[in-house]
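Here the structure is a predicted model, which is why all the values come from computation and not from measurement. Both backbone and side-chain heavy atoms feed into the values below; hydrogens, waters and symmetry mates do not.
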Amino acid sequence: MSQAKEAITLADVSHVLACIAGPSPDEAYRAIDELAQRVLGHKLLTVLVFRPETVEVERLYSSNTQAYPVGGRKQKKGTPWGERVLDRGEFYIAKDPDDIKWAFSDHELIASLGITGMINVPIVFGGRCIGTLNISHDAGRFTEADFPVARILAGLVLPLVLARS
């Protein structure tokens with residue numbers, strides 16, 4: 001787990017786009033995971049697609065498939081987090097464990113992984129949120145200053161989520 005935050009380069013973007021263009025979505029997800037680790041750092045990275053018909057999010061990728069398997073779903077109907085991120089397409093930063101507890105019913109599992117902070121990035125296409133990129137780490141790790149880099153990462157994962165939405 002990287003503690004340093006590095007800049008995204010054109011070579012990074014080019015590499016991820018080449019992986020996305022290839023035949024293996026898994027390779028593309030791994031490339032995005034590795035890039036997110038380098039530029040922001042994480043203990044857990046997940047990519048979720050929003051299922052508006054059931055108001056659920058479904059996991060398309062997880063850096064920890066034992067704790068958070070691909071295909072797992074979470075109900076978000078009527079939750080303040082869902083209204084903020086899924087309905088309004090706004091970033092959410094959980095700055096500490098209390099913010100995680102406020103937002104997520106599985107906060108105990110999250111805490112058991114040593115996660116005390118996170119950033120949830122809406123993946124938006126055509127004016128609507130189609131999924132989220134979730135980058136989890138330590139309390140205080142993420143701030144609004146991370147939004148530009150997080151938005152680039154969400155844009156890179158967009159084609160993968162769009163293909164499954």
Side-chain angles (χ1 to χ4, degrees), residues 1-2 4-74 76 81-82 84-94 100 103-104 106 110 113 115 117-137 141-165:
M1 282 170 279
S2 172
K5 294 181 182 180
E6 299 178 15
I8 290 179
T9 68
L10 288 177
D12 293 329
V13 173
S14 180
H15 172 70
V16 170
L17 292 174
C19 291
I20 290 169
S24 171
D26 291 338
E27 183 180 344
Y29 282 122
R30 281 192 302 275
I32 291 165
D33 185 331
E34 290 169 8
L35 179 58
Q37 184 66 267
R38 252 195 26 256
V39 301
L40 290 175
H42 66 77
K43 292 182 177 182
L44 173 70
L45 181 124
T46 60
V47 176
L48 306 172
V49 63
F50 179 41
R51 303 288 182 208
E53 63 279 1
T54 59
V55 196
E56 293 176 304
V57 289
E58 178 184 349
R59 206 167 302 105
L60 300 178
Y61 176 80
S62 172
S63 64
N64 182 342
T65 56
Q66 188 169 21
Y68 286 100
V70 171
R73 290 184 176 219
K74 289 184 180 183
K76 293 300 175 185
W81 181 94
R84 180 180 191 154
V85 178
L86 302 173
D87 295 342
R88 295 194 308 264
E90 297 174 2
F91 283 75
Y92 177 72
I93 295 178
I100 291 173
F104 303 106
D106 59 338
I110 294 167
L113 299 174
I115 294 167
M118 71 176 64
I119 185 170
N120 305 121
V121 186
I123 301 167
V124 179
F125 181 78
R128 68 180 184 88
C129 181
I130 63 166
T132 64
L133 173 67
N134 311 293
I135 307 167
S136 304
H137 210 297
R141 173 74 177 185
F142 304 110
T143 69
E144 290 78 8
D146 295 312
F147 286 1
V149 169
R151 192 178 319 275
I152 291 168
L153 293 170
L156 289 171
V157 81
L158 171 66
L160 299 166
V161 176
L162 194 55
R164 299 285 304 274
S165 66

- Item | From Glu6 atom CD to Gln37 atom CD, the distance as rounded to the nearest 0.5 Å | 10.0 Å
- Task: Output the distance between atom OH (Tyr29) and atom OG (Ser24), rounded to the nearest 0.5 Å.
- Result: 10.5 Å
- Pairwise distance CD1(Ile123) to CD1(Ile130) - rounded to 0.5 angstrom: 6.5 Å
- Side chains of Arg59 and Val47: does their closest heavy-atom pair fall under 4.5 Å? no
- For Leu162, does its backbone N or O pair with a side-chain atom of Ser165 as donor and acceptor, under 3.5 Å? yes
- Smallest heavy-atom separation, Pro122 atom then Gly89 atom, equals CG-O, 3.2 Å
- Check Ala150 against Leu133 and note the closest heavy-atom contact, atom names and distance. O-CD2, 4.3 Å
- Do Ile119 and Tyr92 touch side chain to side chain, with heavy atoms closer than 4.5 Å? no
- Query: Considering only heavy atoms from C-beta outward, does the side chain of Tyr61 approach that of Leu45 to under 4.5 Å?
  - Reply: yes
- Side-chain contact, heavy-atom cut-off 4.5 Å: Tyr68 with Ile110? yes
- Message: If you apply the rule side chain to side chain donor-acceptor pair (under 3.5 Å), what do you find for Thr132 with Asn120, and how did you get there?
- Response: CA-CA 6 Å; Thr132 64; Asn120 305 121; 5.8 Å; no
- Task: Give me the one residue out of Ile135, Thr46, Ile100 that meets side chain to side chain contact (heavy atoms under 4.5 Å, CB included) with Met118.
- Result: Ile100
- Measure from the side-chain N and O atoms of Asp146 to the backbone N and O of Thr143, and report whether any donor-acceptor pair falls under 3.5 Å. yes
- Query: Quick one: does Phe104's side chain get under 4.5 Å of Lys74's, heavy atoms only?
  - Reply: yes
- Query: Of the options Asp12, Ile8, Leu35, which is the one that meets Leu156 in a side chain to side chain contact (heavy atoms under 4.5 Å, CB included)?
  - Reply: Leu35
- Message: Minimum heavy-atom separation for Lys43 and Ser63, please, with both atom names.
- Response: O-OG, 4.3 Å
- Item | Worked check of side chain to side chain donor-acceptor pair (under 3.5 Å) between Ser62 and Asn64 | CA-CA 5 Å; Ser62 172; Asn64 182 342; 5.6 Å; no
- Message: Among residues at least two apart in sequence or on other chains, which ones pass ring pair (Phe, Tyr, Trp, His ring centres under 6.0 Å) with Phe147?
- Response: Phe91
- Taking atom CD1 of Ile20 and atom NE2 of His15, what is their separation to the nearest 0.5 Å? 10.0 Å
- For Val49 and Arg164, work out which heavy atoms get closest and say how close. CG2-O, 4.0 Å
- Task: Report the distance from atom NE2 of His137 to atom CD1 of Ile115, rounding to the nearest 0.5 Å.
- Result: 9.5 Å
- Taken to the nearest 0.5 Å, the spacing of His42 NE2 from Leu153 CG works out to 9.5 Å
- Stepwise side chain to side chain contact (heavy atoms under 4.5 Å, CB included) check, Val157 with Leu160: CA-CA 6 Å; Val157 81; Leu160 299 166; 4.1 Å; yes
- Item | Heavy-atom pair of closest approach, residues Gly41 and Phe142 | O-CZ, 3.8 Å
- Electrostatic pair Glu56:Arg51 at N-O distance under 4.0 angstrom: no
- Heavy-atom distance under 4.5 Å between the side chains of Val161 and Phe50, does that happen here? no
- Message: How close do Val121 and Ala154 get, counting heavy atoms only, and between which atoms?
- Response: CG1-CB, 3.6 Å
- Query: Hey, are the side chains of Asn134 and Leu48 touching, using non-hydrogen atoms and a 4.5 Å cut-off?
  - Reply: yes
